[in-house]
Number of protein chains: 2
Amino acid sequence: MSIVARNKNSKPRVTVKDLARDLGMSVSTVSRAFHADAVIAKDTRDVVLNRAREIGYSPNPFARSLITKKTRIVGVVVADITNPFYPEVLTRLTTELRAIDMNVMLVAADQSGEVDQALRLLLNYQPDLAIILAATLSSEAAQECRKAGTPVIFFNRLSADDHAFGISCDNILGGRSIADYLVDTGHRRLAYIAALADASTNVARHRGFSERAVERGLAAPVVIEAGQFSYHAGYEAARKLRDLKEMPDGVFCANDILAIGFLDGVRRELGLGVPDDISIVGFDDIEMAHWPSHGLTTVQQPIEKMLEATVSLAKELGTNAGKEPVVQMIPPGSVIERATTRRRHHG
Amino acid sequence: MSIVARNKNSKPRVTVKDLARDLGMSVSTVSRAFHADAVIAKDTRDVVLNRAREIGYSPNPFARSLITKKTRIVGVVVADITNPFYPEVLTRLTTELRAIDMNVMLVAADQSGEVDQALRLLLNYQPDLAIILAATLSSEAAQECRKAGTPVIFFNRLSADDHAFGISCDNILGGRSIADYLVDTGHRRLAYIAALADASTNVARHRGFSERAVERGLAAPVVIEAGQFSYHAGYEAARKLRDLKEMPDGVFCANDILAIGFLDGVRRELGLGVPDDISIVGFDDIEMAHWPSHGLTTVQQPIEKMLEATVSLAKELGTNAGKEPVVQMIPPGSVIERATTRRRHHG
DNA sequence: CTGAAAGCGCTTACAG
DNA sequence: CTGAAAGCGCTTACAG
């Protein structure tokens with residue numbers, strides 16, 4: 001009801017000009033103090049930086065990036081947030097990127113078509129880098145990134161597009177070591193519970209598992225399609241065990257959350273004992289896998305190393321934006337044996 | 001090894017100037033086409049917008065915000081990511097803010113002191129709004145926001161600072177309705193498993209629960225301090241039941257993830273039957289609460305409405321940045337009865 | 001080592 | 001309704 005609206009609700013921010021005037025220096029000199037590689041007397045820099053702290057000045061990142069064409073923003077697209085693996089990756093990634101002074105602009109994509117859309121929005125902000133978590137891009141969208149000069153990293157996925165970077169666990173190796181583990185512990189009838197059909201993680205884990213099982217002299221594992229990386233999908237997949245001619249004795253589920261759903265399904269819907277009747281192995285080693293109620297045997301994803309690789313790549317791309325895309329495959333940990341598997345003896 | 005470094009790895013982006021030249025119009029006119037409330041002939045606007053789409057122009061948000069002082073960025077600080085409640089809130093919030101053309105800049109804070117720090121970093125980007133998920137701010141940090149003209153919303157927390165907005169479930173009411181439920185179903189010895197001592201959610205749920213229990217003629221519920229909103233804390237809290245003089249028959253845990261840990265602990269460490277020996281109620285209704293292996297009786301947080309309120313507040317603050325801070329309390333759903341509680345009969 | 005000047009890509013009074 | 005001009009807060013050749 002007041003006549004004069006208070007439009008200026010904030011004090012105007014202090015700018016280079018203010019600081020320069022305050023110090024009796026030129027704007028250029030003040031500006032240089034904030035760039036590690038600028039030519040400026042050490043004393044001058046110290047004076048500027050100290051005074052800046054006192055009066056609360058820091059350079060406006062927007063004005064800066066208008067000129068430098070660097071935004072220090074990394075656009076992160078996250079899709080499959082229902083998998084507890086990703087919240088952890090997301091927060092740790094955010095934290096570690098902050099440490100190299102990069103900021104995360106987050107876009108969520110519920111459905112797969114939205115990933116393209118999400119990335120386009122992000123591109124408006126001209127991120128120095130885009131990271132795609134748990135999803136892939138259409139090749140058109142990938143090309144748009146290239147046009148915009150934004151490098152793309154696929155995290156935990158391999159992309160069809162070979163102009164993008166990839167950082168992923170070596171899922172074939174992981175699948176193979178699970179096959180070895182199950183064979184070594186006396187399992188003879190293997191099954192694979194498949195998740196998202198076109199996810200590279202799903203495909204590679206299956207492939208490694210299957211190939212190695214055959215190499216070790218077993219029949220190729222039976223496949224049950226769960227369709228998703230989710231608890232619910234795993235639970236439902238357990239029901240499908242009934243349709244099998246022969247009950248498997250060792251089951252590898254595409255990831256932990258799927259395995260946990262499957263585990264619950266096997267116990268509750270089929271009334272089978274785990275590990276007594278059937279052994280179950282997951283992939284990821286999420287926190288829930290340690291819970292006493294599950295005690296899931298699984299393989300650890302090398303998150304630590306994957307994050308390290310991502311951050312150092314981000315850093316490198318900062319100085320060398322033209323770097324040729326490469327895919328880094330990081331070997332997973334070995335099988336962590338818990339309570340969902342046991343050795344089987346044969347007469 | 002090439003002699004000329006390819007520094008310009010991206011084609012320069014198309015700017016207003018390019019588009020203006022292309023259309024034979026002034027830069028001003030082109031610019032106006034992108035502002036709904038600008039004075040411009042409808043036909044002109046259509047021509048500009050169409051051509052813009054063709055050549056892939058969209059206004060540089062940085063240059064724009066340099067002038068408008070609006071960034072359309074909302075800074076989100078997330079702390080307690082281990083609670084599965086928050087990933088969902090975060091992604092949905094991101095998605096819904098996108099729908100009103102606002103972008104999320106994410107900062108993660110592992111420890112509580114980091115929240116202040118995180119927010120300060122965010123403030124550099126002059127977000128139009130800051131949303132704090134599952135945490136509070138020191139009053140100094142809150143004041144810095146005020147100085148910078150950035151409104152702050154505490155989501156799912158009440159803040160000590162009364163200059164901030166708050167959007168929260170009515171936790172007192174929630175606590176009360178759980179007390180009513182337990183009393184109505186014949187429970188006589190209540191206990192509360194407390195989480196983070198200074199979290200407003202924890203305090204209010206406890207208070208509502210305790211007050212109502214007394215109103216209904218019971219002794220004040222025994223309190224076991226779990227200290228955290230986490231599975232692990234809940235599991236450990238179950239052990240402490242042993243120290244109690246009398247075993248409670250109805251237990252309210254500060255939230256679902258705590259309740260699930262507690263549930264597992266009660267079953268595995270104490271060998272007690274749930275719900276036969278003891279009833280357990282959580283708070284949140286996270287997805288995991290539906291899982292057949294838990295079937296947790298709980299109260300639903302009104303996420304939908306909380307998000308709605310947040311988004312509409314964000315919208316309103318866009319046109320009226322000086323709005324007086326208010327706290328909105330949204331009533332929770334009623335108790336959802338599942339498999340961790342049962343009616344008790346007394347002789 | 002420092003300063004004056006141009007310019008990044010926009011928006012917005014101000015004229016017309 | 002449209003255009004020319006100023007200016008947002010910076011950085012960076014270019015001189016000195």
Side-chain angles (χ1 to χ4, degrees), chain A residues 7-8 10-49 51-52 55-73 123-126 128 148-149, chain B residues 7-8 10-49 51-52 55-73 123-126 128 148-149:
Chain A
N7 278 330
K8 298 280 162 213
S10 63
K11 298 199 188 65
R13 200 179 141 118
V14 11
T15 72
V16 240
K17 260 190 202 161
D18 301 326
L19 183 51
R21 191 179 317 118
D22 178 283
L23 290 164
M25 293 176 183
S26 75
V27 158
S28 334
T29 302
V30 170
S31 171
R32 277 190 272 258
F34 288 89
H35 295 265
D37 48 351
V39 188
I40 181 176
K42 183 170 183 332
D43 291 356
T44 313
R45 168 172 285 143
D46 291 346
V47 170
V48 173
L49 260 26
R51 187 69 184 132
I55 67 178
Y57 169 77
S58 68
N60 181 323
F62 298 146
R64 176 180 275 182
S65 53
L66 217 46
I67 299 183
T68 60
K69 308 292 175 200
K70 296 274 171 200
T71 56
R72 304 210 71 84
I73 287 177
L123 242 34
N124 269 333
Y125 279 86
Q126 305 182 76
D128 293 345
Chain B
N7 278 331
K8 297 279 162 215
S10 63
K11 298 199 189 66
R13 201 180 141 117
V14 10
T15 72
V16 240
K17 260 189 204 163
D18 301 326
L19 183 51
R21 193 179 314 119
D22 178 283
L23 290 164
M25 292 177 184
S26 76
V27 157
S28 334
T29 302
V30 170
S31 171
R32 280 191 269 259
F34 288 89
H35 295 265
D37 47 352
V39 189
I40 181 177
K42 183 172 182 331
D43 291 357
T44 314
R45 168 172 283 143
D46 292 346
V47 170
V48 174
L49 260 26
R51 188 68 185 136
I55 68 178
Y57 169 76
S58 68
N60 181 324
F62 298 146
R64 175 180 276 182
S65 53
L66 216 47
I67 299 184
T68 61
K69 308 290 175 201
K70 297 272 170 202
T71 55
R72 303 210 72 84
I73 289 178
L123 241 35
N124 269 333
Y125 279 86
Q126 305 182 74
D128 292 345

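Just so we're on the same page: letters track the sequence lines, and every chain starts at 1.
To the nearest 0.5 Å, the span separating CG on L23(B) from OG1 on T44(B) amounts to 10.0 Å. The NZ atom of K17(B) sits 12.0 Å away from atom OH of Y57(B), with the distance rounded to the nearest 0.5 Å.
Each of I40(B) and P59(A) has a nearest nucleotide on DNA chain D; the 5'-most of these lies closest to I40(B).
Residues passing the side-chain hydrogen bond (donor to acceptor under 3.5 Å, both in side chains) test with D128(B) are T71(B), sequence neighbours excluded. The side-chain hydrogen bond (donor to acceptor under 3.5 Å, both in side chains) search around Y125(B) returns N103(A), not counting sequence neighbours. Here R45(A) pairs with nothing under the salt bridge (Lys or Arg N to Asp or Glu O under 4.0 Å) rule; sequence neighbours left out. By the side-chain contact (heavy atoms from CB on, under 4.5 Å) test, D18(A) pairs with V14(A), T15(A), R21(A), sequence neighbours left out. Partners of N124(A) by side-chain contact (heavy atoms from CB on, under 4.5 Å), not counting sequence neighbours, listed by chain and number: R13(B), S58(B). Take R64(B) and apply the salt bridge (Lys or Arg N to Asp or Glu O under 4.0 Å) test, not counting sequence neighbours, and it matches no residue.
If you take CZ of R64(A) and C1' of dC8(D), they are 16 Å apart, rounded to a whole angstrom. One can place CG of D43(B) at 12 Å from C1' of dC1(D), the figure rounded to the nearest angstrom. Protein atom NZ of K17(B) is 14 Å distant from nucleotide atom C1' of dT11(C), rounded to whole Å. Computed from coordinates, the L23(A) CG to dG3(C) C1' distance equals 15 Å when rounded to whole Å. Atom CZ in F62(A) sits roughly 17 Å away from atom C1' in dT11(D) (whole-Å rounding). Between the CG atom of D37(A) and the C1' atom of dC1(C) there is a distance of 16 Å, rounded to whole Å. Rounded to a whole Å, the CG atom of L19(A) is 12 Å from the P atom of dT11(D). Whole-Å rounding puts the L66(B) CG to dA6(D) P distance at 18 Å.
Here S65(B) lies out of heavy-atom contact (under 4.0 Å) with every strand. Nucleic acid contact for F34(B): none, since no nucleic acid atom lies under 4.0 Å from a heavy atom of the residue.
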| note | Pairing string of DNA chain D (Watson-Crick or G-U wobble, both atom distances under 3.5 Å; | = paired to other strand) is |||.||||||||.|||
Look for any protein N or O under 3.5 Å of an N or O in nucleotides 12-14 of chain D and output each such pair with its distance, or none.
from, atom 1, to, atom 2, distance (Å)
dA13(D), N6, R32(A), NH1, 3.4

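Distance check on atom P: dA5(C) versus dC1(C) gives 24 Å, rounded to whole Å.
The side chain of T15(A) contributes no N or O atom lying less than 4.0 Å from OP1 or OP2 of dG9(D). At least one side-chain nitrogen or oxygen of K69(B) sits closer than 4.0 Å to the OP1 or OP2 atom of dG9(D).
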Donor-acceptor pairs under 3.5 Å, side chain of residues 29-43 of chain B to any protein atom, not counting sequence neighbours: which ones?
from, atom 1, to, atom 2, distance (Å)
T29(B), OG1, S26(B), OG, 3.0
K42(B), NZ, D46(B), OD2, 2.8

